[in-house]
Amino acid sequence: MQNPLATTPETEARITAKAQELWEADGKPGCGAAAYREAASELIGMESNPDAGQIPVDSPVPLDANGEPIEQAWLEENLGNSGGSMDELDDRQEVPFATRAEEAKALKNQD
């Protein structure tokens, strides 16, 4: 099988002809046929390799019955506390206290 990325004189001739064809189909704008070279190269590549990109690829993550990805449980660790009293830090007040007396009372009740 021939390398699809290799440029041969035949391929170059086909690209040049296709670029000329596209340029003429657009009404021969002032940019010239050279401006259509990239589009022509892509079209010739598609014509030469019609099955390119058709090989199925397995998903890197497991999928459920609906085709949705199944995330690993450890991904939830960075989402913070989901609720409930899971450790000793959950019951602490995270906002400042209104008075020093409230703060002292709360700190005394922690221990």
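This structure is a prediction, so every number in the text was calculated from the model and none was measured.
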Discussion item. Would the distance check show the side chain of D64 and the main-chain N or O of G67 forming a donor-acceptor pair, the cut-off being under 3.5 Å?
Written reply: yes
Worksheet item: Shared ILVMFWY cluster between W23 and I44, side chains joined below 4.5 angstrom?
Response: no
Worksheet entry | Flag side-chain contact, heavy atom, 4.5 Å: Y36 against P29 | yes
Worksheet item: Between I15 and A40, what is the shortest heavy-atom contact and its length?
Response: O-CB, 3.5 Å
Item to complete: For N66 and E68, indicate whether the former's side chain and the latter's backbone hold a donor-acceptor pair under 3.5 Å.
Response: no
Worksheet item: Are more than 12 heavy atoms from other residues, nucleotides or ligands located less than 6.0 Å from atom CD of E24?
Response: yes
Worksheet item: With a 4.0 Å cut-off, would you call K108 and E103 a salt bridge?
Response: no
Worksheet item: Once you round to the nearest 0.5 Å, how far does CZ of R14 lie from CG of L43?
Response: 10.5 Å
Worksheet, complete the sentence: Nearest heavy-atom contact between T8 and T11 is OG1-OG1, 2.8 Å
Practice prompt. Output, in order, the C-alpha distance, side-chain angles, deciding distance and verdict of side-chain contact (heavy atoms from CB on, under 4.5 Å) for K18 and R37.
Written response: CA-CA 8 Å; K18 182 61 95 173; R37 195 155 172 76; over 6 Å; no
